[in-house]
*Asks:* 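Quick one: this structure, given as C-alpha cells, is what I'll be asking you about.
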Amino acid sequence: GTIPQIWGVHLSGGARRDSLAKFVVVSPQSPYSGPAGWSGRREGQLVISLLNEVLDSPLGLDGQRVFLSGASMGGTGVWDIAAHWPTRFAALAIVSGEGPRNTQVNETLVPALRTMPIW
C-alpha cells in the first residue's frame with residue numbers, strides 16, 4: 001500500500017522514530033525570520049518543491065493523503081500555502097496561526113478551501 005504523510009510547518013522539538021508508525025512526518029523550518037515567516041508565494045514554493053521531492057522518493061508515499069499543519073508563524077504559513085496550492089493537501093491543522101495578511105490570498109482563500117477539512 002501507500003504511506004500517508006503529516007507535514008508540520010515550523011514545528012519545534014526533537015525527532016522521533018517509531019518502528020510502529022504508519023506515516024511520515026516532514027517538518028521544514030523557515031529560512032526567514034520576522035513577521036513574514038512562511039507567508040508568501042516564494043516561501044510556499046519551498047514547501048511545494050520539498051513535497052514534490054519527497055513524493056518522488058522510493059518511500060511509497062501517498063500523494064492523496066498529505067496533511068499540512070503549523071503552529072504560530074507556521075500556522076499562518078499553512079493558510080497561505082493551502083490557498084495557493086489547495087489541491088495538494090487532504091486536510092489542514094492550524095495552531096495559533098493568523099489568517100493571511102495578503103488581500104489577494106484572502107479573496108482566494110475561502111473558495112479554494114471551502115471543501116478542505118480544517119482543524
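The first residue of the sequence shown is numbered 1, and numbering continues consecutively from there.
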*Asks:* Evaluate the side-chain proximity of I48 to R88: yes if any heavy-atom separation is below 4.5 Å, no if none is.
*Replies:* yes
*Asks:* Rounded at 0.5 Å granularity, tell me how far CD in Q45 sits from CG in N52.
*Replies:* 8.0 Å
*Asks:* Considering only heavy atoms from C-beta outward, does the side chain of V47 approach that of W85 to under 4.5 Å?
*Replies:* no
*Asks:* I need the I94 CD1 to L68 CG distance, nearest 0.5 Å.
*Replies:* 8.0 Å
*Asks:* Do you know the tightest heavy-atom contact between A82 and L92?
*Replies:* CB-CD1, 3.5 Å
*Asks:* Could I get the full list of side chain to side chain donor-acceptor pair (under 3.5 Å) partners for T87, not counting sequence neighbours?
*Replies:* none
*Asks:* Partners of L59 by side-chain contact (heavy atoms from CB on, under 4.5 Å), sequence neighbours excluded?
*Replies:* S57, L61
*Asks:* Of all the heavy-atom pairs spanning P86 and L113, show the shortest one and how long it is.
*Replies:* CB-CD2, 3.9 Å
*Asks:* Hey, could you give me the CG/OG distance between L50 and S27, rounded to the nearest 0.5 Å?
*Replies:* 10.5 Å
*Asks:* Say you draw a straight line from CG of L51 to CG of L46; how long is it, rounded to the nearest 0.5 Å?
*Replies:* 12.5 Å
*Asks:* Report the residues that fulfil side-chain contact (heavy atoms from CB on, under 4.5 Å) with A90, sequence neighbours left out, ordered by chain and then residue number.
*Replies:* F67
*Asks:* So do the side chains of V24 and V26 get within less than 4.5 Å of each other, counting heavy atoms only?
*Replies:* yes
*Asks:* Could you see if I118 belongs to whatever hydrophobic cluster contains F89? Use Ile, Leu, Val, Met, Phe, Trp, Tyr and a side-chain cutoff under 4.5 Å.
*Replies:* yes
